[in-house]
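Below you'll find the structure, written out as structure tokens, and then a few comments.
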Amino acid sequence: MSPLPLEPDDDNSTNPNGAGMRKGLTSYGDRGFSLFLRKAFIKGAGYTDAALDRPVVGIANTGSAYNPCHGNAPQLVEAVKRGVMLAGGLPMDFPTISVHESFAAPTSMYLRNLMAMDTEEMVRAQPMDAVVLIGGCDKTVPAQLMGAASAGLPSIQLITGSMLTGSHRGERVGACTDCRRYWGKYRAGEIDAEETADVNNQLVASVGTCSVMGTASTMACIAEALGMTMPGGASPPAVTADRIRIAEQTGAQAVQMARDHLTIDKVLTPAAFENAMRVLLAIGGSTNGIVHLAAIAGRMGLDIDLHALDRMGRETPVLLDLKPSGQHYMEDFHAAGGMAALLRELKPLLHLDALTVTGRTLGEEIERAGPGFRQDVVRSANNPIYPQGGIAVLWGNLAPGGAIIKQSAADPALMEHEGRAVVFENAEDLVTRIDSDELDVTADDVLVLKNIGPKGAPGMPEAGYIPIPRKLARAGVKDIVRISDGRMSGTAFGTIVLHVTPESAIGGPLAYVRSGDRIRLSVARREISLLVTDEELARRAQETTVVEPTAERGYRKLFLQTVTQADKGVDFDFLRAPDTVGKVPRA
Ligand code: FES
């Protein structure tokens with residue numbers, strides 16, 4: 001057995017096995033000694049020279065007791081390692097930050113960029129020729145794609161997969177659309193505390209990500225549409241054999257990518273982002289998908305053109321019949337053929353020449369998936385769930401930089417609406433007053449919540465799903481127009497205007513709305529307007545002192561000083577690519 005060469009190598013393009021363990025050496029001022037020392041340490045773990053001379057595949061392991069959406073991470077890591085070794089590589093798993101929606105305060109979005117930085121720097125710092133990114137819960141996949149895009153190595157995403165659905169008193173349930181529905185019933189007094197406790201046991205029936213088309217499922221589909229997963233990698237549930245097989249294939253493909261030097265910039269092209277936007281619209285995906293796509297694109301020097309996205313939306317029907325826009329769950333989508341079934345229907349609207357991690361184009365992968373079969377989860381283009389894309393972009397004097405509404409999950413009766421503003425100054429104000437019997441509110445009013453944008457909260461929490469005031473809920477009101485500069489969970493539904501840009505905390509027009517003002521929402525005209533004159537708005541801006549939030553130290557200080565607005569992905573300004581090279585979708 002020949003020993004691992006003692007020559008360092010930072011350029012794996014000259015070595016068919018990649019630079020592997022000889023790559024990215026620690027600085028001691030003597031590169032030969034650096035490699036000698038590294039070998040000594042890794043041999044302490046029992047590796048042979050033959051193992052150490054293989055292409056190295058890093059595996060970003062985001063398993064955490066605080067993240068049940070990644071509860072299958074140990075099995076996935078094992079399967080990825082098997083795939084890497086079967087293909088002749090050396091697998092090296094390493095931990096990074098893991099962020100779960102319910103276990104991250106003040107909000108998981110506050111930590112997404114930290115996870116992206118962790119991923120980027122550990123991929124860059126440690127010797128590897130390719131990286132497998134294991135992610136699933138909402139913020140983890142975008143964080144990993146952002147970090148990997150900046151690190152620039154051959155990279156492949158492995159999704160943890162969705163949870164199974166449960167059953168409550170004969171009704172199929174799943175997180176988290178049904179979590180909100182049952183909580184709404186409890187608030188309205190329709191079910192008692194005992195039933196609420198019962199359903200709490202059934203909503204999350206296994207480890208894995210939320211079972212509807214929330215942000216996690218959206219990002220899984222987007223990752224596959226971007227060409228960043230193995231074909232069929234978006235839909236297998238977390239606890240299935242299909243998911244484990246995808247993991248093994250992912251490991252094997254990562255070795256091939258290392259050998260072919262198939263770096264992430266060859267996959268994350270403008271065409272790939274346009275395909276991802278098309279899929280986001282066609283799946284009735286989470287509004288958060290726009291923010292995350294903008295952040296990932298920003299790492300490649302690309303801006304998302306919201307006007308063009310809206311135009312795409314008008315010609316892209318929602319085809320996927322999943323909650324909250326439809327009725328099925330992710331496991332049904334998988335049984336119906338997964339992304340291949342959807343991509344086949346969308347084919348005329350896609351860039352089929354976009355390269356994927358397999359080294360083949362998206363069009364070739366659609367062909368390889370074969371013909372479809374009869375199923376009722378992915379509709380045909382002439383029988384859609386919703387005739388336009390799930391997301392519409394709004395403009396007006398209330399949102400000069402744009403705002404978003406998920407029209408496929410909104411009440412059609414409210415999408416052309418004018419009403420009186422009922423204003424909450426911030427999240428605390430909302431909590432204090434929303435359930436008060438004294439609150440002056442009717443079902444025709446428009447609820448406005450300020451200061452939950454990127455800097456305001458901070459971290460742009462999913463508080464945009466403002467609860468129906470208790471007295472209206474008890475009277476049977478199911479929806480009301482709501483407006484904020486925050487986000488909402490992809491599992492939520494309602495006539496809810498989000499991502500108002502610029503946010504109120506930095507003096508956006510939302511800051512100057514007062515209770516009693518009239519607000520007009522017209523989704524047909526893509527309008528969100530405060531019905532006061534420009535002069536009045538300017539006068540209010542002059543009268544009001546907006547104090548931007550600051551922090552004394554630490555990550556919070558970095559966050560508040562550098563976070564961008566929703567249209568730039570809420571990324572840190574210094575993490576974007578230094579040069580902007582274009583817009584997506586291209587005109
Ligand atoms: Fe993790 Fe929903 S909480 S995917």
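Counting convention: from 1, in listed order, for ligands and their atoms alike. As the structure is a computational prediction, the values presented were derived from the model and not from experiment. Counting from 1, the numbers follow the sequence of the chain as shown.
If you run side-chain contact (heavy atoms from CB on, under 4.5 Å) between L133 and each of T250, L158, T119, only T119 comes through.
For atom 1 (Fe) of ligand 1, the N/O/S atoms of C210 include none lying under 2.8 Å.
In the vicinity of C69, heavy-atom distances shorter than 4.0 Å reach the ligand 1 atoms 1 (Fe), 3 (S), 4 (S). Residue contact check: E101 has heavy atoms under 4.0 Å from atoms 3 (S) of ligand 1. With ligand atoms numbered from 1 in the order given, ligand 1 contributes 1 (Fe), 3 (S) to contacts under 4.0 Å with heavy atoms of H100. Set against the non-hydrogen atoms of D138, the atoms of ligand 1 under 4.0 Å away are 2 (Fe), 4 (S). For ligand 1 and A216, the ligand atoms under 4.0 Å from any heavy atom of the residue are 4 (S). Close contacts between ligand 1 and C137 involve ligand atoms 1 (Fe), 3 (S), 4 (S) [criterion: under 4.0 Å to a heavy atom].
Counting heavy atoms from C-beta outward, R299 and R576 have side chains that stay 4.5 Å or more apart.
For the pair R482 and Y465, the cation-pi criterion (under 6.0 Å, within 45° of the ring axis) is fulfilled.
The environment of E195 atom CD is dense: over 12 non-hydrogen atoms of other residues, nucleotides or ligands sit within 6.0 angstrom.
In this pair, Y110 and Y555 present their aromatic rings perpendicular. The plane angle is above 60°, beyond the 30 to 60° band.
Remark: D435 engages R187 in a salt bridge, criterion side-chain N to carboxylate O under 4.0 Å.
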